[in-house]
Number of protein chains: 2
Amino acid sequence: MIRTVSTPRKHPPERRRPGTVSIRDVALRAGVSIATVSRAVNRIPTVDSELASRVWKAIDEVGYLPNTQARALVSGRSRLLGLIVSEITNPFFPELVQEFETLATSQGYEVLIGSTNYDPARTESLMRRLLQRNVDGVAVMTFGVEEDLVKKLVEREFPLVFVDAGPNLPNIHVLKVDYGEGIRQGVQHLAALGHRSIAFISGPLAQRSPKVRLDAFLKSMDELGIHVPAEHQVEGTHTMEGGITAMEQLLALDKLPTAVMCSNDMTAIGALHALYRTPLKVPQDISIVGFDDIHLAQFMLPPLTTVQMSCRSLAVAAIEALRAGIEPDHPKARQKEWLISTRLVVRQSSTFPRGSLPAMSHSAQQRHGPAR
Amino acid sequence: MIRTVSTPRKHPPERRRPGTVSIRDVALRAGVSIATVSRAVNRIPTVDSELASRVWKAIDEVGYLPNTQARALVSGRSRLLGLIVSEITNPFFPELVQEFETLATSQGYEVLIGSTNYDPARTESLMRRLLQRNVDGVAVMTFGVEEDLVKKLVEREFPLVFVDAGPNLPNIHVLKVDYGEGIRQGVQHLAALGHRSIAFISGPLAQRSPKVRLDAFLKSMDELGIHVPAEHQVEGTHTMEGGITAMEQLLALDKLPTAVMCSNDMTAIGALHALYRTPLKVPQDISIVGFDDIHLAQFMLPPLTTVQMSCRSLAVAAIEALRAGIEPDHPKARQKEWLISTRLVVRQSSTFPRGSLPAMSHSAQQRHGPAR
DNA sequence: TCACAGGCGGCAAACGTTTCCCTGCCCAGA
DNA sequence: TCTGGGCAGGGAAACGTTTGCCGCCTGTGA
């Protein structure tokens with residue numbers, strides 16, 4: 001016969017970690033029902049304040065911590081956010097991770113971090129993990145989105161945040177980084193110093209963001225009517241190694257550029273290192289400008305002139321966009337695009353080209369004059 | 001009257017994310033019970049192979065992914081590991097995080113990363129978060145454990161992994177880094193080159209690991225019968241800024257040391273930067289030796305001689321130790337200590353002191369001879 | 001004093017699993 | 001043919017919450 005009456009289990013398996021306290025213990029102690037405890041914990045205003053304080057007292061006494069998985073199971077929201085970066089070992093990303101994490105946790109979210117390392121298999125498993133853990137939303141901060149990854153995420157109707165570009169669908173938010181502004185400032189800064197021969201070391205051009213940065217550079221140069229010969233566009237890898245290799249390529253040219261802009265700071269740092277090995281001095285013989293403004297940049301020798309893209313703004317926007325997607329009545333639920341501005345930070349790796357005495361103001365000359 | 005009979009709820013709240021499939025859907029499709037699906041998914045061998053393949057087919061067809069929170073709720077194991085580091089922006093840690101994450105996820109665990117930033121409030125909230133999420137174990141890789149943090153964790157009887165030292169309790173595993181070996185190699189390397197005046201820039205000595213490193217240095221020096229004057233022991237912060245400041249302190253001395261060992265690579269890099277600003281050349285005028293062997297070290301100018309502490313070994317040991325603590329019948333469940341070795345990596349930031357012509361073999365002279 | 005309204009708080013369903021227990025089937029042995 | 005044993009698979013309890021529904025209590029107005 002089928003057992004229809006509730007027969008209590010003989011040997012309930014021992015699972016609870018010692019010291020774990022459930023809502024039931026609190027309810028018992030406070031002399032209320034578990035429903036009331038739950039409502040008190042969630043600060044539902046209908047619960048009587050005297051009762052609530054009794055509950056809070058009990059919570060304190062027994063050391064209760066709500067079980068997140070049970071919460072997530074019933075509420076359907078895990079309060080987990082996914083953060084996908086290209087490679088955690090690139091110094092830009094830890095800074096971003098740090099900001100993102102600080103903000104997320106202060107708002108009651110936990111962060112699962114994944115690093116794709118540009119490896120499709122890794123990305124694939126990362127996606128599966130995020131789906132299984134039921135993340136509430138994912139920020140894809142890879143600066144070069146893999147198409148199939150996007151598709152997988154999109155069909156689950158996840159709140160998603162991309163950088164630079166993403167499919168135009170509901171629930172997809174895009175952080176539009178205004179590369180143009182910062183890069184134009186950089187180019188104009190160099191041009192004002194008298195540079196006419198400016199090379200660009202890009203990132204891997206198969207990815208979207210490096211491509212956009214290169215285009216912004218070319219556009220700015222074009223606006224000034226300066227031609228960029230093909231040999232002055234070198235493809236790097238957004239790593240220090242790539243910067244070294246690319247700079248060596250430039251050094252092998254018959255005619256060196258007088259300035260080099262780089263698609264990110266690690267590339268610029270690589271370029272500096274390649275130059276240290278030559279008799280050439282930075283900035284007197286060649287000016288270097290980076291992009292990102294990572295922490296390391298200001299400690300370079302000379303301190304790196306670079307275009308700042310604020311990690312903090314990126315993180316703030318990403319979290320806000322995600323929450324807008326997660327919470328149906330968020331004030332900005334309809335907003336699709338979030339603008340991130342960039343701006344030039346002038347340090348000492350850029351000055352006027354040797355031999356040229358540009359028409360510049362006294363103060364500018366002081367500021368950009370050769371260091372040491 | 002109290003409702004005792006199961007009255008179906010009128011308006012069940014809509015929670016499931018579209019596209020989400022539960023075990024019930026699979027069971028329906030395969031024409032089996034959910035118990036069988038569960039058993040098939042968990043590869044319980046008693047389930048008939050024909051049935052199992054029908055279940056797997058159904059899983060594939062409906063795109064089923066097990067819900068981790070439900071699993072965790074019932075099994076009492078979240079398959080989440082906590083990883084606590086001091087500061088994620090210190091380049092050593094991302095490398096560690098990367099290794100740890102790769103290993104953990106390949107074994108079916110997810111990683112929650114927390115960065116204490118040496119801030120007790122941050123640490124406190126971090127602990128609460130980890131407890132709420134019900135992590136199966138925590139690796140505390142901060143190289144300087146806050147005592148109250150330890151206590152909190154210990155009383156929950158968590159599997160815990162510490163670096164260097166931890167309370168001697170069940171469930172607590174300690175990764176013993178053999179600083180002595182690597183640091184002795186470093187000191188002997190310098191001594192063999194002819195150095196007798198070797199300074200040490202330590203980390204923050206309030207923390208345990210920096211203290212141990214300093215002691216290892218002093219012990220090695222003592223073994224060689226070399227006295228270390230107090231002014232040759234400078235306290236840094238394990239950051240580049242700290243390295244710069246500490247090196248400047250050394251530079252202000254009447255009599256410079258001929259070599260400087262540093263408690264970590266970032267400090268050494270800071271020291272290099274401080275030296276770049278002087279006429280002194282590394283390694284001809286002063287030798288610098290780091291500790292950690294972070295990725296950046298080999299790209300310094302000159303490439304940094306340093307003591308390697310392998311991130312990979314640390315991560316491997318940490319994960320293995322955690323699993324030993326989590327899984328009751330793990331082969332190494334009883335092992336308390338895990339040894340991590342260190343070794344010197346000679347690059348080009350160390351050579352014989354100027355003016356001294358040490359008795360050394362021809363090959364050694366070639367190897368350590370002044371670069372450039 | 002009674003009727004009624006409003007709101008606090010308790011009961012129990014539901015979330016998606018795992019796993020205990022038990023049934024029913026199959027097969028071997030007598 | 002009957003009995004017994006082994007075992008595959010199904011039913012349902014349990015994990016710790018949130019939340020819909022409803023009862024009871026209190027307060028107000030006639």
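Remember, predicted model here, so these are calculated numbers, not experimental data. Sequence lines set the chain letters: A, B, ... in the order given, protein chains first and strands last, and positions in each chain run from 1.
The side chain of A35(A) approaches dC11(C) more closely than any other nucleotide in the set dC11(C), dG16(D), dC8(C). Out of dT17(D), dG9(C), dT17(C), the shortest distance to the side chain of R24(B) is found at dT17(C). The side chain of T36(A) approaches dG10(C) more closely than any other nucleotide in the set dG10(C), dG16(C), dA12(D). Closest to the side chain of D48(A), out of dC15(C), dC8(C), dT17(C), is dC8(C). In the set dT17(C), dG16(D), dT19(D), the nucleotide with an atom closest to the side chain of R71(B) is dT17(C). Distances from the side chain of A70(B) to the nucleotides dT17(C), dG16(D), dG9(D) place dT17(C) closest.
Scored by the side chain to side chain contact (heavy atoms under 4.5 Å, CB included) test, V32(A) finds A30(A), T36(A), V37(A), L51(A), R54(A), V55(A) as partners (sequence neighbours excluded). Not counting sequence neighbours, the partners of R77(A) by the side chain to side chain donor-acceptor pair (under 3.5 Å) test are Y109(A). In this structure D164(B) satisfies the side chain to side chain contact (heavy atoms under 4.5 Å, CB included) test together with F143(B), V177(B), Y179(B), S209(B), sequence neighbours excluded. Residues meeting the side chain to side chain donor-acceptor pair (under 3.5 Å) test with R128(A), sequence neighbours left out: none. A search for salt bridge (Lys or Arg N to Asp or Glu O under 4.0 Å) contacts involving R323(B) returns E327(B), not counting sequence neighbours. With sequence neighbours excluded, the residues that form a side chain to side chain contact (heavy atoms under 4.5 Å, CB included) with E61(A) are R29(A), K57(A). For E99(A), the side chain to side chain contact (heavy atoms under 4.5 Å, CB included) partners two or more places apart in sequence, or in a different chain, are C311(A), R312(A), A315(A). The side chain to side chain donor-acceptor pair (under 3.5 Å) test applied to S78(A) returns D136(A), not counting sequence neighbours. Taking E87(A) as the reference, nothing meets the side chain to side chain donor-acceptor pair (under 3.5 Å) condition, with sequence neighbours excluded.
For the helix from dT1(C)-dA30(D) to dA30(C)-dT1(D), the axis fitted to the five pairs at one end and the axis fitted to the five pairs at the other end meet at an angle of 60° (nearest 10 degrees).
Regarding N134(A), its CG atom lies at a distance of 10 Å from the C1' atom of dG16(C), rounded to whole Å. In this structure, R79(A) places its CZ atom 18 Å from C1' of dG16(D), rounding to the nearest Å. For the pair I23(A) CD1 and dG16(D) P, the computed distance is 11 Å after rounding to whole Å. Distance R133(A) CZ to dT17(C) P: 13 Å, rounded to the nearest Å. Taking atom CG of N67(A) as the reference point, atom C1' of dC15(D) lies 8 Å away to the nearest angstrom. The distance from atom CG of L73(B) to atom C1' of dT19(C) is 14 Å, rounded to the nearest whole Å. Distance CD1 (I34(A)) to C1' (dT18(D)): 9 Å, rounded to an integer number of Å. Taking atom CD of Q69(B) as the reference point, atom P of dT18(D) lies 13 Å away to the nearest angstrom.
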Query raised in the report: Can H173(B) and L322(B) be said to form a side chain to side chain contact (heavy atoms under 4.5 Å, CB included), step by step?
Result: CA-CA 8 Å; H173(B) 303 255; L322(B) 282 177; over 6 Å; no

Query raised in the report: Could you go step by step and tell me if M141(B) and L314(B) meet the side chain to side chain contact (heavy atoms under 4.5 Å, CB included) rule?
Result: CA-CA 9 Å; M141(B) 314 282 262; L314(B) 270 174; 4.3 Å; yes

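Using a cut-off of 4.0 Å between Lys/Arg side-chain N and Asp/Glu carboxylate O, E110(B) and R79(B) are scored as not salt-bridged.
Remark: S33(A) is in phosphate contact with dG10(C), judged by side-chain N or O atoms under 4.0 Å from OP1 or OP2.
Contacts of residues 38-46 of chain A with DNA chain C (heavy atom under 4.0 Å): R39(A), T46(A). Remark: Y64(A), L65(A) in residues 56-65 of chain A come within less than 4.0 Å of DNA chain D through at least one heavy atom.
Among the atoms of the strands shown, only primed sugar atoms or phosphate atoms (P, OP1, OP2) are found under 4.0 Å from some heavy atom of L51(B).
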